[in-house]
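Written below as structure tokens is the structure these notes are about.
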Amino acid sequence: MEFAELIKTTKVDDVVLSCPGFQTIQGTLAITSHHLLFSSQAEGDREQRRTELWLLIRNVDAIEKSIQNLSWYQSSWTNGSPPENRLANASGTITLKCKDLKILQLEIPGMEECLNIANSIEALSSLESVMMTYPFFYRPQNTTLGTGWLTHITEQYYKQIASDTGAWRLSSINADFGVCPSYPPLVIVPARLDDGILQKSARFRQGRRFPVLSYYHKKNGTAMLRSSQPLVGPNRKRCHEDELLLTTVLEGGERGFILDTRSLQAAKQARVMGGGLEHRSCYHGWKRLHRALERGRSLQESFIKLVEACNDPSAHMDRWLSRLEASKWLSHVKEALNAACLAAQCLERLGTPSSSAASTPPMRTPGSSRRHPCFSFSLTASGNWGASSPSHWNSVSISCWHSLSIAMPHPAAHSWATTRKKGGCVK
């Protein structure tokens with residue numbers, strides 16, 4: 001299949017581009033195999049200034065199109081003129097909703113051109129073959145390979161830990177992704193355990209994600225591990241190798257926390273499906289804590305409501321704040337931030353090892369089948385500052401508003417954030 005077969009109109013002039021928070025621009029729109037190009041020519045005070053937009057077509061998540069000025073449908077206006085003349089004044093609008101939350105609106109003269117552009121974008125943004133995507137067609141000017149994401153970063157991190165302690169080792173048990181498809185080839189595990197124990201522990205964990213070191217707190221020697229839920233099941237199965245793995249992390253009279261992102265009730269119900277939780281009598285020295293965080297469909301619906309509210313410029317402040325509150329997105333952000341801060345507090349102040357557990361099926365990133373476990377942490381202890389105190393939540397709230405105003409400019413959002421920073425109050 002050739003890209004030329006999918007591109008019905010390659011170039012259109014006098015297109016008007018509008019985006020929330022920016023001025024409208026008129027220019028020329030062109031479609032290539034992988035990019036949507038827009039170029040405008042605007043006069044400045046002393047020189048010509050050109051505005052260009054390069055949009056990767058795979059970044060388009062949804063397309064909406066509408067046609068205006070279809071006066072030729074009314075028989076009183078046609079006067080017997082041919083259809084091609086009657087369509088001359090027709091125009092269309094294409095709304096592109098991108099995966100990075102940007103919303104672009106293109107006003108295209110001519111109904112045929114508008115439909116051709118929309119159909120071309122839809123076809124190019126939904127190519128099934130991976131070999132047709134942009135990375136396989138990109139030809140850099142300089143073919144010299146750089147450092148990229150710091151090659152062998154796991155080895156470098158391990159060397160830093162090895163210089164402080166001999167309790168950990170670097171294992172290549174997952175070199176061919178045969179043990180766990182969602183773990184890297186190299187993992188850091190307790191030095192006293194061989195790979196045979198790790199393999200048996202992996203078979204006892206959902207997705208074969210056995211406990212591995214994620215972070216080592218050099219200040220007090222505290223370690224944070226991550227894993228998925230144990231496959232206890234309704235028969236309350238046990239795995240001595242998995243118990244030994246977590247017990248080995250604790251030294252002497254230390255104690256650790258197993259931080260679960262599910263509620264206790266949800267964790268118990270998971271036994272019916274073959275999952276479950278670590279029994280306290282089997283994992284000596286570990287205390288299980290639960291922090292229920294929303295996930296899946298409810299979180300996605302909340303995010304959609306947030307995007308819709310932030311991209312409605314016609315809404316006044318009171319209505320916008322009402323829609324924002326109804327989305328419950330900031331509540332999810334608040335819970336996630338509090339949980340992360342409490343995990344850091346656990347590592348810094350209490351100095352106890354912790355292990356995180358994820359219960360739901362692995363999350364999938366857009367356009368990828370590689371699985372990534374999603375983790376959050378919590379510590380329920382008296383006297384912690386994560387109990388949603390007003391002053392703490394105000395500081396978090398202001399930071400959230402600042403990020404929102406950058407990603408999706410909205411008059412109401414900017415006004416509210418400015419008012420809060422000045423010490424004002426919204427009624």
Side-chain angles (χ1 to χ4, degrees), residues 1-44 48-79 81-127 132-134 137 304 307-308 310-315 407-410:
M1 180 186 63
E2 299 292 337
F3 288 108
E5 300 175 4
L6 304 177
I7 303 176
K8 300 180 180 181
T9 299
T10 59
K11 180 181 178 182
V12 180
D13 296 323
D14 299 326
V15 177
V16 178
L17 171 66
S18 59
C19 180
F22 297 92
Q23 296 180 350
T24 57
I25 307 173
Q26 184 174 3
T28 301
L29 179 68
I31 297 183
T32 66
S33 57
H34 297 97
H35 286 88
L36 193 67
L37 310 178
F38 181 86
S39 177
S40 70
Q41 195 76 22
E43 290 193 9
Q48 297 282 343
R49 293 182 300 170
R50 175 171 303 201
T51 301
E52 291 187 351
L53 170 67
W54 288 63
L55 176 65
L56 186 65
I57 295 180
R58 292 285 293 186
N59 190 30
V60 177
D61 187 53
I63 304 175
E64 297 178 359
K65 50 183 178 290
S66 61
I67 307 299
Q68 295 87 27
N69 300 328
L70 289 179
S71 58
W72 62 278
Y73 275 113
Q74 302 184 22
S75 58
S76 60
W77 291 4
T78 59
N79 296 325
S81 59
E84 56 269 16
N85 292 338
R86 290 178 242 149
L87 291 174
N89 294 327
S91 62
T93 300
I94 298 177
T95 302
L96 303 178
K97 296 183 178 180
C98 303
K99 296 175 182 177
D100 59 357
L101 306 184
K102 290 182 180 178
I103 294 184
L104 306 176
Q105 192 175 65
L106 300 170
E107 297 181 13
I108 302 175
M111 184 184 72
E112 183 178 359
E113 288 78 4
C114 178
L115 294 178
N116 287 342
I117 293 293
N119 293 335
S120 299
I121 296 176
E122 288 178 346
L124 293 171
S125 63
S126 57
L127 295 174
M132 300 292 288
T133 56
Y134 181 61
F137 290 83
I304 292 175
V307 175
E308 292 176 350
C310 291
N311 288 286
D312 183 10
S314 61
M408 292 170 286
H410 190 288

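Nothing fancy with the numbering, it's 1 onward along the sequence. As a basis for the values below, the full set of heavy atoms in this structure was taken, side chains included, without hydrogen atoms, waters or symmetry mates.
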Considering residues, nucleotides and ligands other than Gln23, do more than 12 of their heavy atoms fall under 6.0 Å from its CD? no

Flag the pair Leu36 / Leu96 as yes when at least one side-chain heavy-atom distance between them is below 4.5 Å, and no otherwise. yes

Does any non-hydrogen side-chain atom of His35 lie less than 4.5 Å from one of Leu56? yes

To the nearest 0.5 Å, what is the distance between [atom1] ([X]) and [atom2] ([Y])?
X: Phe38; Y: Leu106; atom1: CZ; atom2: CG; value: 7.5 Å
X: Ser40; Y: Leu29; atom1: OG; atom2: CG; value: 12.0 Å
X: Thr95; Y: Gln105; atom1: OG1; atom2: CD; value: 4.5 Å
X: Ile57; Y: Ile7; atom1: CD1; atom2: CD1; value: 6.5 Å
X: Leu37; Y: Thr28; atom1: CG; atom2: OG1; value: 11.0 Å
X: His34; Y: Leu55; atom1: NE2; atom2: CG; value: 13.5 Å

Compare every heavy atom of [Y] with every heavy atom of [X], then report the nearest pair and how far apart it is.
X: Ala118; Y: Ile63; value: O-CD1, 4.0 Å
X: Thr32; Y: Leu124; value: O-CD1, 3.6 Å
X: Arg58; Y: Leu127; value: NH1-O, 3.2 Å
X: Ser66; Y: Cys114; value: O-SG, 4.4 Å

Sequence neighbours left out, what pairs pass salt bridge (charged side-chain N to carboxylate O under 4.0 Å, His left out) with at least one residue falling in residues 6-29? none

Using the side chain to side chain donor-acceptor pair (under 3.5 Å) rule, collect all pairs that involve residues 113-123, keeping only residues at least two apart or in two chains. Thr9-Asn116, Lys65-Glu122

Contacts of Glu64 meeting salt bridge (charged side-chain N to carboxylate O under 4.0 Å, His left out) (sequence neighbours excluded), chain-then-number -> Lys97

